[in-house]
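Beneath this line is the structure, given in structure tokens, with notes to follow.
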Amino acid sequence: MSQSILKYPESELGLKDKIKQLNSKWLDFLKVKLNNEYSSCINELFVSDGFYPYYTYQKKKILFIGREALEIGGGNYIEFLYEAYQEKQIGNKTLNQHKFHSTMLYLTYAIEHEVYKWEEIPYADEFISNFAQPGGISNAFMNLSKFSNESGYWVANMNQIDTFISTSNQSPINFFATEIDLLAPDIIFGMNLSGRMNCLGSFKSPKMYGNSGDVCFQFLKTPSGRTYPYLDCWHFSAPGKSAKNDIFNPAIEALKDNGIIM
């Protein structure tokens, strides 16, 4: 991997520090509360996340919420993936081949550049060199579970995810919602988190989009009282699902129909 370094503009350093402090407080809380097979390896499992440089400079600030990191325990998700993006290689797949990450990048590019036809979006490796740079696209990312799946398999470790959520929910602070409120996104994409997404807050006014009800547009209300447009989509790497037809097109339709984009 390259030694690519994330360079945040001075105006984002305060937000970056707040996200770092939240991740540290979250980790400390888990250390106190967990008393099971995870308690001896929390530092090795915990993966912090947040936002890429120039996130707050975007026309629409986009937050993606995934399930869990894979095999990067003890690391920083944003730093790790930024390096992978610059290498245009994630694991054994090129960036263009990696449906999970390329779909996030295509959605971000489409919304920021107001290019809503899939065929008109450049391949990810053609614009990734400007990602998180002045004038380039950027986004935020958080996982529902900050415990890395170290099993060696891509299938989500739901037991571990549920342990993370249930333990985090014991805090008087809603860590999940606090991270969202700090990031203050204009659009949130969730990746088929099912009932587990209730740890983020409450949801209202659902509307379905796509030929098979592929995307559910609704509003997330966090305990602070803030509301955010939330699109519940298929997981971006879901087998048998088309990034174009089952995720991108219905998502763009939902955003247009609800006046989030023009």
Side-chain angles (χ1 to χ4, degrees), residues 6-9 11-12 15 50-66 78 81-82 85-86 88 94-142 180 183-192 205-220 226-237 241-262:
L6 289 165
K7 296 180 180 178
Y8 288 84
S11 61
E12 290 185 335
L15 177 58
F51 67 100
Y52 294 94
Y54 296 93
Y55 163 71
T56 64
Y57 287 64
Q58 304 300 299
K59 294 177 183 177
K60 298 289 185 182
K61 300 190 300 295
I62 303 170
L63 167 63
F64 295 96
I65 303 180
I78 300 299
L81 265 301
Y82 180 73
Y85 285 176
Q86 297 310 303
K88 303 178 182 179
T94 66
L95 183 58
N96 293 336
Q97 292 172 330
H98 204 293
K99 191 163 70 169
F100 181 87
H101 291 281
S102 63
T103 302
M104 284 196 291
L105 291 167
Y106 294 149
L107 279 166
T108 303
Y109 185 96
I111 292 168
E112 298 307 326
H113 289 278
E114 300 179 355
V115 177
Y116 303 135
K117 291 185 178 180
W118 176 269
E119 292 78 12
E120 296 178 3
I121 301 172
Y123 285 113
D125 64 5
E126 295 177 16
F127 60 81
I128 198 62
S129 61
N130 292 323
F131 180 77
Q133 300 292 326
I137 64 169
S138 182
N139 56 52
F141 186 94
M142 62 181 283
I180 291 171
L183 293 168
D186 299 307
I187 301 168
I188 301 175
F189 287 97
M191 301 186 197
N192 196 18
S205 306
K207 295 169 66 176
M208 304 304 294
Y209 294 86
N211 294 331
S212 303
D214 301 291
V215 171
C216 180
F217 179 94
Q218 56 205 306
F219 288 94
L220 164 65
R226 300 179 187 179
T227 59
Y228 306 94
Y230 184 102
L231 290 85
D232 186 22
C233 306
W234 295 109
H235 193 274
F236 286 4
S237 60
K241 297 301 177 182
S242 162
K244 173 188 174 182
N245 297 320
D246 301 323
I247 298 172
F248 182 89
N249 284 346
I252 294 298
E253 180 187 358
L255 291 169
K256 284 184 174 181
D257 188 47
N258 291 278
I260 309 302
I261 60 175
M262 302 300 291

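- To the nearest 0.5 Å, atoms CG (Asn139) and CD (Glu112) are separated by 9.0 Å.
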- Leu183 and Tyr55: CA distance, side-chain angles, deciding distance, side-chain contact (heavy atoms from CB on, under 4.5 Å) verdict: CA-CA 9 Å; Leu183 293 168; Tyr55 163 71; 3.8 Å; yes
- Query: Going through the checks in order, is the side-chain contact (heavy atoms from CB on, under 4.5 Å) test met by Leu255 and Lys60?
  - Reply: CA-CA 12 Å; Leu255 291 169; Lys60 298 289 185 182; over 6 Å; no
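- Counting heavy atoms from C-beta outward, Arg226 and Ile180 have side chains that stay 4.5 Å or more apart.
- Here the straight-line distance linking atom CD1 of Ile78 with atom CE of Met142 works out to 11.0 Å at 0.5 Å rounding.
- Distance check: Leu81 CG to Gln86 CD gives 11.0 Å after rounding to the nearest 0.5 Å.
- Counting only heavy atoms from C-beta outward, the side chains of Ser138 and Gln58 approach each other to under 4.5 Å.
- Of all heavy-atom pairs spanning Ile187 and Leu231, the tightest one is CG2-CD1, 3.8 Å.
- Just one of Tyr82, Tyr8, Phe141 meets the ring pair (Phe, Tyr, Trp, His ring centres under 6.0 Å) condition when paired with Phe51; it is Tyr8.
- The shortest distance between side-chain heavy atoms of Phe236 and Leu107 falls below 4.5 Å.
- Contact between Trp118 and Ala243 at its shortest, heavy atoms only, is CH2-CB, 3.8 Å.
- Proximity of a side-chain donor or acceptor of Lys61 to a complementary backbone N or O of Ala140 within less than 3.5 Å is not detected.
- Distance check, rounded to the nearest 0.5 Å: CD1 of Ile62 to CG of Asp186 gives 8.5 Å.
- Contacts of Lys256 classified as side-chain contact (heavy atoms from CB on, under 4.5 Å), with partners at least two apart in sequence or in another chain: Tyr116, Ile252, Ile261.
- Distance alone, capped at 3.5 Å, places no donor-acceptor pair between the Glu12 side chain and the Pro53 backbone.
- Contact of the Tyr57 side chain with the Pro134 side chain is not registered, since no non-hydrogen atoms from C-beta on lie closer than 4.5 Å.
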Exercise answer: donor-acceptor pairs, residues 212-219 side-chain atoms, under 3.5 Å, sequence neighbours excluded:
{"from": "Asp214", "atom 1": "OD1", "to": "Trp234", "atom 2": "NE1", "distance (Å)": "2.8"}
{"from": "Asp214", "atom 1": "OD2", "to": "Ser212", "atom 2": "N", "distance (Å)": "3.4"}

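- Listed by chain and number, the residues in a side-chain contact (heavy atoms from CB on, under 4.5 Å) with Lys117 are Glu119, Glu120 (sequence neighbours excluded).
- In this structure a side-chain-to-backbone donor-acceptor pair under 3.5 Å is missing from Asn249 to Asn245.
- Across all their heavy atoms, Asn258 and Ala254 have their closest contact at ND2-O, 2.8 Å.
- Taking 4.5 Å as the limit, every side-chain heavy atom of Ile247 sits out of range of all side-chain heavy atoms of Phe189.
- In this structure, Tyr85 and Tyr52 have parallel ring planes: the angle between them is below the 30° cut-off, well short of the 60° mark.
- Residues that satisfy the side-chain contact (heavy atoms from CB on, under 4.5 Å) test with Ser237, not counting sequence neighbours, are Phe100, His235.
- Every residue was checked against the salt bridge (Lys or Arg N to Asp or Glu O under 4.0 Å) condition with Lys99, not counting sequence neighbours, and none meets it.
- Every residue meeting the side-chain contact (heavy atoms from CB on, under 4.5 Å) condition with Asn96, not counting sequence neighbours, appears here in chain and number order: Thr94, Tyr106, Tyr123, Ala124, Asp125.
- In this structure, Phe127 and Ile137 approach most closely via the heavy-atom pair CE1-CD1, 3.6 Å.
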